[in-house]
Engineer: 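This is the structure I have questions about; it appears just below.
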Amino acid sequence: VQREHDAYLPDLAMCLNGLGNRLIEAGRKDEAIGPLREAAENCRILADFHPDMYAHHLAQVLGNMGACLAELGRVNEAVLVFEESVSCTSRLASDEPALYSSRHAMNMNNFAVFLRNQGRLSEALRMATESVETYQECVKVDERMFLPDLAKCTLNLAALLGVMGE
């Protein structure tokens with residue numbers, strides 16, 4: 001039984017993530033947290049054994065769960081989940097920058113926006129600045145692909161600086 005469970009764990013994790021996302025889209029955010037939490041737990045197990053195959057899934061699920069928790073006003077939980085997600089994409093980008101730097105940059109940007117909305121401006125500034133710097137490096141490799149994301153992150157950084165009066 002355990003061997004069969006392990007064989008289906010990747011599919012189960014992605015199905016639970018999908019279910020969570022569909023519940024969010026249907027406006028049933030409270031119900032989405034359970035499947036997203038279970039998907040994250042399964043992805044953690046998978047990433048422990050095969051980080052090269054599943055760590056990016058874990059980061060994706062955590063990002064979805066963090067955004068959902070934020071929308072529900074569960075700020076402390078959202079911070080922890082976003083921090084884990086950013087940590088995960090940071091490791092991925094460090095190991096394989098060509099594949100994951102842009103994902104890490106967008107993940108930091110999303111967290112920066114959340115932090116700004118919570119009034120945690122100095123933390124948001126650090127995250128937003130690093131996001132823009134990372135996208136600037138990505139643009140050097142493929143301007144056409146990453147310039148729109150750099151523009152989005154730069155706009156978010158500018159908005160944050162405006163809130164800070166700078």
Side-chain angles (χ1 to χ4, degrees), residues 1-118 120 123-124 126-128 130-135 137-138 145-146 148-150 152-153 156:
V1 173
Q2 184 63 41
R3 190 177 310 157
E4 286 183 26
H5 176 268
D6 292 347
Y8 292 107
L9 197 58
D11 291 335
L12 176 61
M14 290 302 100
C15 287
L16 288 164
N17 184 50
L19 174 60
N21 289 335
R22 298 304 79 76
L23 289 168
I24 291 168
E25 290 169 4
R28 297 164 55 184
K29 294 177 181 82
D30 281 326
E31 295 174 60
I33 296 301
L36 291 172
R37 200 175 299 282
E38 188 176 345
E41 288 304 317
N42 290 337
C43 284
R44 281 186 194 99
I45 292 166
L46 292 163
D48 283 345
F49 290 102
H50 303 288
D52 55 324
M53 292 175 60
Y54 297 109
H56 66 283
H57 291 298
L58 174 59
Q60 176 187 12
V61 171
L62 291 169
N64 294 340
M65 186 165 58
C68 186
L69 288 165
E71 289 180 29
L72 290 170
R74 293 164 64 175
V75 174
N76 294 334
E77 290 175 84
V79 167
L80 295 174
V81 171
F82 276 129
E83 285 174 343
E84 184 181 358
S85 180
V86 168
S87 175
C88 191
T89 56
S90 176
R91 283 190 304 275
L92 288 165
S94 176
D95 292 343
E96 295 186 64
L99 281 175
Y100 296 110
S101 288
S102 63
R103 290 184 192 183
H104 180 51
M106 189 54 71
N107 204 13
M108 289 186 293
N109 178 68
N110 294 340
F111 191 26
V113 170
F114 168 77
L115 291 168
R116 180 191 70 206
N117 292 340
Q118 300 308 312
R120 296 170 66 165
E123 293 170 88
R126 181 181 56 80
M127 200 65 53
E130 190 175 341
S131 174
V132 167
E133 290 169 354
T134 302
Y135 266 123
E137 292 303 312
C138 292
M145 183 172 196
F146 296 116
D149 291 328
L150 173 60
K152 177 182 178 179
C153 293
N156 287 333

Engineer: Testing the basics here: between Cys138 and Phe146, what is the closest heavy-atom pair and its distance to 0.1 Å?
Structural biologist: O-CD1, 3.4 Å
Engineer: Quick one: are Leu36 and Leu16 in side-chain contact, heavy atoms under 4.5 Å?
Structural biologist: no
Engineer: Test your reading of the model: is there a side-chain donor-acceptor pair from Thr134 to the backbone of Glu130, 3.5 Å cut-off?
Structural biologist: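 Side chain of Thr134 to backbone of Glu130: a pair is present.
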Engineer: Side chains of Leu99 and Leu92: closer than 4.5 Å at any heavy-atom pair?
Structural biologist: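 In short, these two side chains do not touch, never coming nearer than 4.5 Å.
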Engineer: Does atom CG of Asn76 have more than 12 heavy-atom neighbours, drawn from other residues, nucleotides or ligands, at distances under 6.0 Å?
Structural biologist: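 Result for CG/Asn76: open.
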Engineer: Quick one: does Ile33's side chain get under 4.5 Å of Arg74's, heavy atoms only?
Structural biologist: yes
Engineer: So does Ser85 get a backbone contact from the side chain of Asn107, meaning a donor-acceptor N/O pair under 3.5 Å?
Structural biologist: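 Yes.
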Engineer: Decide yes or no for Asn17 and His57: does some side-chain heavy atom of the first lie under 4.5 Å from some side-chain heavy atom of the second?
Structural biologist: no
Engineer: Quick one: does His104's side chain get under 4.5 Å of Tyr100's, heavy atoms only?
Structural biologist: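 No, side chains not in contact.
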Engineer: What pair of heavy atoms forms the shortest contact from Leu58 to Ala47, and how long is it?
Structural biologist: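 Nearest heavy atoms, Leu58 then Ala47: CD2-CB, 4.4 Å.
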Engineer: Please lay out, stage by stage, how Met14 and Val61 fare under the test side-chain contact (heavy atoms from CB on, under 4.5 Å).
Structural biologist: CA-CA 9 Å; Met14 290 302 100; Val61 171; 4.3 Å; yes
Engineer: Can you tell if the side chain of Phe111 reaches within under 4.5 Å of the side chain of Glu123, non-hydrogen atoms only?
Structural biologist: no
Engineer: Measure the CG-CE distance between Asn156 and Met127 for me, rounded to the nearest 0.5 Å.
Structural biologist: 13.5 Å
Engineer: Are any side-chain N or O atoms of Thr89 and backbone N or O atoms of Val86, one a donor and one an acceptor, separated by less than 3.5 Å?
Structural biologist: yes
Engineer: Is there side-chain contact between His56 and Glu96, with at least one heavy-atom pair below 4.5 Å?
Structural biologist: no
Engineer: Is there a side-chain contact between Lys152 and Met106, using heavy atoms and a 4.5 Å cut-off?
Structural biologist: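 Counting from C-beta outward, Lys152 and Met106 do come under 4.5 Å.
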